[in-house]
Amino acid sequence: MTAAKRQPVAPVQGARRIEGIRKQAIETGRNRLLVTSVVIAMAFTAIGVRLVDLTVFKAGGEPKVAHIEQSPAAPVGRADIVDRNGILLATSLPTASLYADPASVLNVEEAADKLIQVLPALERGDVLAKIKSKGRFVWIGRNLTPKQQYQVNRLGLPGFGFQRGERRIYPHGRLAAHVLGLTDVDGNGIAGMEMRFDQTLRAGNRIELALDIRIQAMLRQELASAMREFRALGATGLVLDADSGEIVAMVSLPDFDPNDPATAGGDPAFNRAAKGVYEMGSTFKLFTAAMALDSGTVSLESGYDASQPIQVSRFTISDFHAKNRWLTVPEIIVYSSNIGAAKMAVDVGTRAQKDYLGRLGLLKPAAIELPEVGRPLTPHRWREINTMTIAYGHGIAVSPVQLTSGVAALVNGGTFVPPTLLKRRPGVPAPGRRVLSTETSEQIRGLMRLVVQNGTGRKADIRGYAIGGKTGTADKLAGGGYRKNATISSFVGAFPIDDPRYVVLVLVDEPKGNERTLDYATGGWVAAPAVGRIVNRMATLIGMAPRRNPEADPIQGPVIEARVAVVAPAQVTVPFAPPDAGGSVTAEDRMLKRVRAVLGSPRKTNRANDPGPPEQALATY
């Protein structure tokens with residue numbers, strides 16, 4: 001029997017071994033790949049956690065490269081200020097300010113050298129002191145231009161950064177400086193309307209002013225011209241809407257540029273229109289005549305003896321343009337008689353004088369929207385002698401704003417409307433209170449027209465536009481007395497005088513006469529012509545055409561009938577009787593006796609801001 005043949009088994013076992021090795025290798029590779037993936041994932045996770053930690057939760061230890069901080073939500077910017085026609089007066093532009101973290105600055109000396117190359121306004125010593133300080137935040141440069149910001153960025157200095165901000169810009173420069181005021185480097189209002197409405201502007205609410213920047217420019221040009229011609233220390237002026245009380249223009253010179261805060265110091269920062277208070281001189285005679293006519297103390301046919309100065313102790317009330325005769329009420333205003341005004345005021349009485357002046361807004365600070373408002377100076381004891389000197393604008397000091405708004409009440413029909421720098425809403429009546437009768441207002445307008453036609457204000461008269469007004473010239477205070485040849489010269493006018501729309505005031509501080517004015521520096525020579533030019537320029541701008549018949553006088557009635565004519569004493573109703581030839585005691589003698597009794601010896605004072613002893617005012621004009 002044949003035995004069966006055995007099959008070889010070695011190849012099968014070898015194949016199995018190879019297959020096992022292959023599986024093991026694949027498994028090992030898989031494990032290694034998994035481990036590697038886990039390690040890589042953990043590494044990336046660690047890197048991600050570290051990045052989050054550095055960028056979100058910590059400031060990080062690495063030095064910073066200069067960059068612009070981006071705020072996720074920009075704050076509301078400071079709102080604009082515009083004039084009554086919507087013309088931009090103040091706005092804010094986005095800027096960047098450079099700061100440093102001294103602890104992160106690597107090379108202090110190098111950083112300072114590079115910065116002063118691109119920001120030449122910086123001082124190397126100041127920069128070094130700041131970035132060597134121990135704090136973590138210091139300002140290096142504020143309100144950089146985009147070009148400057150770009151140049152600093154190119155330096156790539158570690159430890160420096162930018163913060164977004166705003167810079168206040170005033171497109172018209174000096175033109176409305178005292179009204180607008182200005183802001184500090186942090187955007188806080190520090191003067192003018194910027195300060196008064198700081199919170200309103202910060203909240204993003206636009207402010208609309210009553211100013212007309214075109215008329216503002218005209219007023220400033222004429223004031224600057226008067227200052228140059230008469231070599232004056234300063235000047236101020238206003239244009240006021242007679243019915244609404246809106247201040248259409250307000251200028252004070254010298255002034256400053258709010259775009260350059262360095263110029264806003266000393267005298268240029270002082271607002272003569274609202275903050276300054278002055279003895280206004282003969283412009284106050286309008287108030288004296290108004291209260292005398294309104295109270296029934298006098299009529300237009302009444303008169304006073306102005307033939308002799310009034311002697312009070314060792315002082316004298318005299319007239320600068322003396323006529324040395326009896327004067328009617330219209331003549332007292334036209335010829336600007338101190339003697340007549342003083343006697344008229346005594347007849348009105350001290351109590352009534354104070355009452356009328358108070359109602360006309362002359363005894364309290366003007367209620368306008370400025371933080372810089374002057375307080376009027378009034379007598380500490382309002383004696384009869386004060387009543388006399390106040391009648392012609394001495395012994396009391398008020399601001400130009402107060403004078404202008406008071407005259408507006410005289411000419412607008414007798415209603416005092418508080419002045420305002422804000423544009424009133426259309427259709428909403430302006431707040432006001434009656435202070436005079438409409439008849440008295442009409443009479444005062446007639447008297448003001450006579451001053452321009454025949455009196456001290458003739459140089460304000462311009463063809464085609466009927467202006468009425470009153471001149472004023474007052475000696476300036478010096479310690480406890482007055483300085484001769486140092487005056488405040490002014491003219492306040494209204495136009496058109498038959499139905500006034502605007503009241504215009506020009507006041508010049510210490511003008512000096514010249515050859516053209518025959519060395520006179522009075523209100524009639526200095527301020528009246530400027531008012532005439534302002535009216536002539538602004539009339540066509542506001543759509544007021546010249547009169548077709550400029551020769552015809554728009555003012556008719558009792559004032560014209562009482563026009564500056566010499567009136568015999570017998571024809572005049574005279575509160576003060578003429579001196580008695582027989583030597584009997586007259587009303588005037590009794591008045592002088594009362595004045596001398598209350599006067600006593602002259603008062604001495606060293607208060608520079610006091611309106612001055614009324615006794616010393618008697619020698620002025």
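Everything numeric here is computed off the predicted structure, so don't read it as measured data. This chain uses plain numbering: 1 for the first residue, then up along the sequence.
Listed by chain and residue number, Glu229 satisfy the salt bridge (charged side-chain N to carboxylate O under 4.0 Å, His left out) test with Arg516 (two or more places apart in sequence, or in another chain). Applying the side-chain contact (heavy atoms from CB on, under 4.5 Å) test to Ala224 and every residue at least two apart in sequence or in another chain returns Arg228, Leu253. Scored by the salt bridge (charged side-chain N to carboxylate O under 4.0 Å, His left out) test, Glu222 finds Arg533, Arg537 as partners (sequence neighbours excluded). Applying the side-chain contact (heavy atoms from CB on, under 4.5 Å) rule to Thr283 yields the partners Met280, Leu403, Ser490, Val492; only residues at least two apart in sequence or on another chain are considered. In terms of the side-chain hydrogen bond (donor to acceptor under 3.5 Å, both in side chains) criterion, residue partners of Ser489 (sequence neighbours excluded) are, by chain and number, Thr487. With sequence neighbours excluded, the residues forming a side-chain contact (heavy atoms from CB on, under 4.5 Å) with Thr471 are Thr456, Phe491, listed by chain and number. Remark: Arg434 pairs with no residue by the salt bridge (charged side-chain N to carboxylate O under 4.0 Å, His left out) rule, at least two apart or across chains. The salt bridge (charged side-chain N to carboxylate O under 4.0 Å, His left out) check on Arg214 picks up Asp212, with sequence neighbours excluded. Partners of Tyr278 under the ring-ring contact (aromatic ring centres under 6.0 Å, His included) rule, at least two apart in sequence or in another chain, do not exist in this structure. In this structure Val417 satisfies the side-chain contact (heavy atoms from CB on, under 4.5 Å) test together with Asn412, Thr415, Arg424, Ala430, sequence neighbours excluded.
Residues Tyr335 and Arg325 approach most closely at CE1-NH2, 3.6 Å, considering heavy atoms. Here the closest non-hydrogen pair linking Ala494 and Pro500 is CB-CB, 4.2 Å. Nearest heavy-atom pair across Ile310 and Lys343 is CD1-CE, 3.9 Å. Residues Gln402 and Gly361 share a closest heavy-atom pair of NE2-O, 3.1 Å.
Checking side-chain atoms of Arg433 against main-chain N and O of Arg359 turns up a donor-acceptor pair under 3.5 Å. A donor-acceptor contact shorter than 3.5 Å is absent between the side chain of Thr517 and the backbone of Gly513. The backbone N or O of Gly413 lies less than 3.5 Å from a partner atom in the side chain of Ser441, making a donor-acceptor pair. With hydrogens and angles disregarded, a donor-acceptor distance shorter than 3.5 Å links the side chain of Asp319 to the backbone of Ile339. With His178 contributing its side chain and Phe270 its backbone, the two residues share a donor-acceptor pair below 3.5 Å.
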When you look at Met250 and Leu370, which way does the side-chain contact (heavy atoms from CB on, under 4.5 Å) test go after all the steps? CA-CA 12 Å; Met250 175 192 284; Leu370 284 177; 4.3 Å; yes
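When side chains are defined from C-beta on, Asp255 counts as touching Arg220, because their heavy atoms get closer than 4.5 Å. Counting only heavy atoms from C-beta outward, the side chains of Thr288 and Tyr356 never approach each other to under 4.5 Å. Between Asn514 and Phe230, some side-chain heavy-atom pair lies under the 4.5 Å cut-off.
In this pair, His394 and Tyr392 present their aromatic rings tilted. The plane angle is within the 30 to 60° band. Ring geometry for Tyr520 versus Phe320: interplanar angle over 60°, hence perpendicular rather than tilted (30 to 60°).
At a cut-off of 3.5 Å, with distance as the only test, a side-chain donor of Ser299 or Glu301 sits close to an acceptor on the other residue. At a cut-off of 3.5 Å, with distance as the only test, no side-chain donor of Thr350 or Glu384 sits close to an acceptor on the other residue. Side chain to side chain, Gln311 and Thr316 meet the donor-acceptor criterion of an N or O pair below 3.5 Å. A donor-acceptor pair shorter than 3.5 Å cannot be found between the side chains of Ser337 and Lys285.
In this structure, CG in Leu219 is found 7.5 Å from CG in Leu238, a value given to the nearest 0.5 Å. Between the CG atom of Leu410 and the OG atom of Ser405 there is a distance of 10.0 Å, given to the nearest 0.5 Å.
Judged as a salt bridge (charged side-chain N to carboxylate O under 4.0 Å, His left out), not a single pair has a partner in residues 392-407 (not counting sequence neighbours). Applying the salt bridge (charged side-chain N to carboxylate O under 4.0 Å, His left out) test to pairs two or more places apart or on separate chains, those with a residue in residues 500-511 are Arg272-Asp509, Lys476-Asp509, Lys476-Glu510, Arg483-Glu510.
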